[in-house]
Number of protein chains: 2
Amino acid sequence: MSHMGYSRLMAVDRDHVLRTAAALLTRKSTATMDEVAKAAGISRATLHRHFAGRDALVRALESLGIAECEAALDAARLDEGPAADALRRLVRETEPAAGLIAFLYTENQLFEGDERNDGWARVDDRIAALFRRGQESGAFRIDLTPAWLTEALYGLLTACAWAVTEGRVAPKDFTHMTVELLLGGALRQDASPREES
Amino acid sequence: MSHMGYSRLMAVDRDHVLRTAAALLTRKSTATMDEVAKAAGISRATLHRHFAGRDALVRALESLGIAECEAALDAARLDEGPAADALRRLVRETEPAAGLIAFLYTENQLFEGDERNDGWARVDDRIAALFRRGQESGAFRIDLTPAWLTEALYGLLTACAWAVTEGRVAPKDFTHMTVELLLGGALRQDASPREES
DNA sequence: CCACGGTGAGACATTCATGTCTCACATGGG
DNA sequence: CCCATGTGAGACATGAATGTCTCACCGTGG
């Protein structure tokens, strides 16, 4: 490990492969190992040298996703300032990883019987703690449990990531759409709605 | 077609098979045709007699899901009364089909290249029209587009359905958690939050 | 210059879900 | 009673994705 530079025939960058695979599997969750290798610009043999199999690749993606979530959690400084602002920062920091999170959130249904990566428990706990803090400070309503708000955050991130890829939401609106719906909901709060019908 | 009654060895009820398959695939989206047949109490041969293949089964489930959505849309009477109340009725009517919707919402990623069942366009339009009506009446905020609110509804239904199956949300709270988050968001509106930190 | 490590390409066997077929059997109607 | 229909069980072939292996090649470092 002296130069860190690499031509197209040098040692494969594990991180580059993982991020390429994440980008591909985000769009097509059933992509073949061959397609993943092609997307990363390497051969299937080399891909298999770095990740023993598809399971290992998905597990590595899971670890990457957890790491990115924790990095976003760190960068958002959830303990500082109003909980609502902390949540806004969290969503903003999470946006680059939203596609990967969407893939893992829907793929996790496959790991039902197996042992669950306990990294998710750590991430879930930190997010739930933010919602709990907001409830205790009086900023968040208490009839929605922190566990549900955490799941709702995952769900909205996933929905908005897909909506962006399908062109239903503009990429620049990702953070606004996600965080505003999660925080304020669809109802207007400022004005009294005029009755209809 | 005289009696419509059937013993356990008589003609298989297509609707029963579909609903059993929906319930199974909701929990395990990768279930094999053999597992689907076992769950429905029939043999794989019989299952294949009714649905030419897995694709045909998923398509039939898609049609069932669209039909249930349209039935819920009809029952919710979206044109009557305040839009917020109409949305509450819609979520309540949709709850029984939430698992199936969750399966289709995540499985639809697989039908990217193929032709899309235009039934979803009808459902999407009716839901988006509800949100638009709410915006025009002044009840819903206008910075969240109807298309995004529609996607968010799907996403929250899916997230809440999964949260219920995983025990993170009580089944009886399904409608409340979903509709209250979608309408009101996480923030308290009545009281001014006391500042923290 | 040469040996070594990492890679690409391809062949090959394996596994698994699927699609298809046959046969035996139970039920219900004529 | 006997036949038609629909079913269950199982065998079989197919296709796709995967896992494993070999071989040739290239660049690096000695």
Side-chain angles (χ1 to χ4, degrees), chain A residues 1-22 24-62 103 106-107 109-114, chain B residues 1-22 24-62 103 106-107 109-114:
Chain A
M1 54 178 66
S2 52
H3 51 17
M4 273 294 109
Y6 52 91
S7 66
R8 61 184 171 86
L9 292 179
M10 269 302 294
V12 167
D13 184 356
R14 176 188 167 98
D15 194 69
H16 168 251
V17 175
L18 273 180
R19 295 189 183 278
T20 308
L24 173 61
L25 290 173
T26 291
R27 298 190 304 270
K28 190 185 177 198
S29 60
T30 59
T32 312
M33 294 293 280
D34 209 37
E35 295 174 288
V36 173
K38 288 284 192 306
I42 63 179
S43 70
R44 195 167 67 95
T46 302
L47 177 61
H48 196 271
R49 285 186 188 102
H50 288 271
F51 304 98
R54 190 189 181 79
D55 285 350
L57 176 64
V58 175
R59 294 308 174 106
L61 283 172
E62 191 176 29
F103 165 70
T106 56
E107 198 76 0
Q109 307 299 324
L110 303 180
F111 295 137
E112 284 182 356
D114 305 24
Chain B
M1 55 176 65
S2 54
H3 51 14
M4 274 293 109
Y6 50 92
S7 66
R8 62 184 170 85
L9 291 179
M10 270 303 293
V12 166
D13 184 358
R14 175 187 168 98
D15 193 70
H16 168 252
V17 174
L18 273 181
R19 294 189 183 279
T20 308
L24 174 61
L25 290 173
T26 292
R27 297 190 304 271
K28 190 187 178 199
S29 60
T30 59
T32 65
M33 295 292 279
D34 209 37
E35 295 174 290
V36 173
K38 288 285 193 305
I42 62 178
S43 70
R44 194 167 67 95
T46 302
L47 176 61
H48 197 271
R49 285 186 188 103
H50 288 271
F51 304 97
R54 189 188 182 79
D55 285 350
L57 177 63
V58 175
R59 295 307 174 107
L61 283 172
E62 191 177 29
F103 166 69
T106 56
E107 199 76 2
Q109 308 301 323
L110 303 179
F111 294 136
E112 284 181 355
D114 304 25

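Throughout, a chain's letter reflects where its sequence line sits, starting with A, and its residues are numbered from 1. Predicted, not measured: the structure shown is a model, and the values here were computed from it. Hydrogens, waters and symmetry mates play no part in the numbers below; they use all other heavy atoms, side chains included.
- The phosphate of dA17(C) (OP1 or OP2) has no side-chain N or O of Thr32(B) nearer than 4.0 angstrom.
- Regarding contacts with the backbone of dG6(D), every side-chain N or O of His50(B) stays at 4.0 angstrom or more from both OP1 and OP2.
- Protein atom NE2 of His16(B) is 13 Å distant from nucleotide atom P of dT7(D), rounded to whole Å.
- The distance from atom CG of Leu57(A) to atom P of dA17(D) is 16 Å, rounded to the nearest whole Å.
- The shortest side-chain heavy-atom distance between Leu61(A) and Glu107(A) does not fall under the 4.5 Å cut-off.
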- line: 5' to 3', nucleotides 19-24 of chain C under a 4.0 Å protein heavy-atom cut-off (B base, S sugar-phosphate only, - none) gives BB----

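- In terms of the side-chain contact (heavy atoms from CB on, under 4.5 Å) criterion, residue partners of Ala52(B) (sequence neighbours excluded) are, by chain and number, Ala56(B).
- Summarising the geometry, the separation between CG on Leu47(B) and C1' on dA17(C) is reported as 13 Å, rounded to the nearest angstrom.
- Taking CZ of Arg54(A) as the reference point, atom CE of Met33(A) lies at 7.0 Å (rounded to 0.5 Å).
- For Arg19(B), the side-chain hydrogen bond (donor to acceptor under 3.5 Å, both in side chains) partners at least two apart in sequence or on another chain are Asp15(B), Glu68(B).
- The distance between atom CD of Glu35(B) and atom C1' of dA17(C), rounded to the nearest whole Å, is 11 Å.
- Side chain of Ser43(A) to main chain of Thr46(A): a donor-acceptor pair is present (N/O by atom type, distance under 3.5 Å, no hydrogens or angles).
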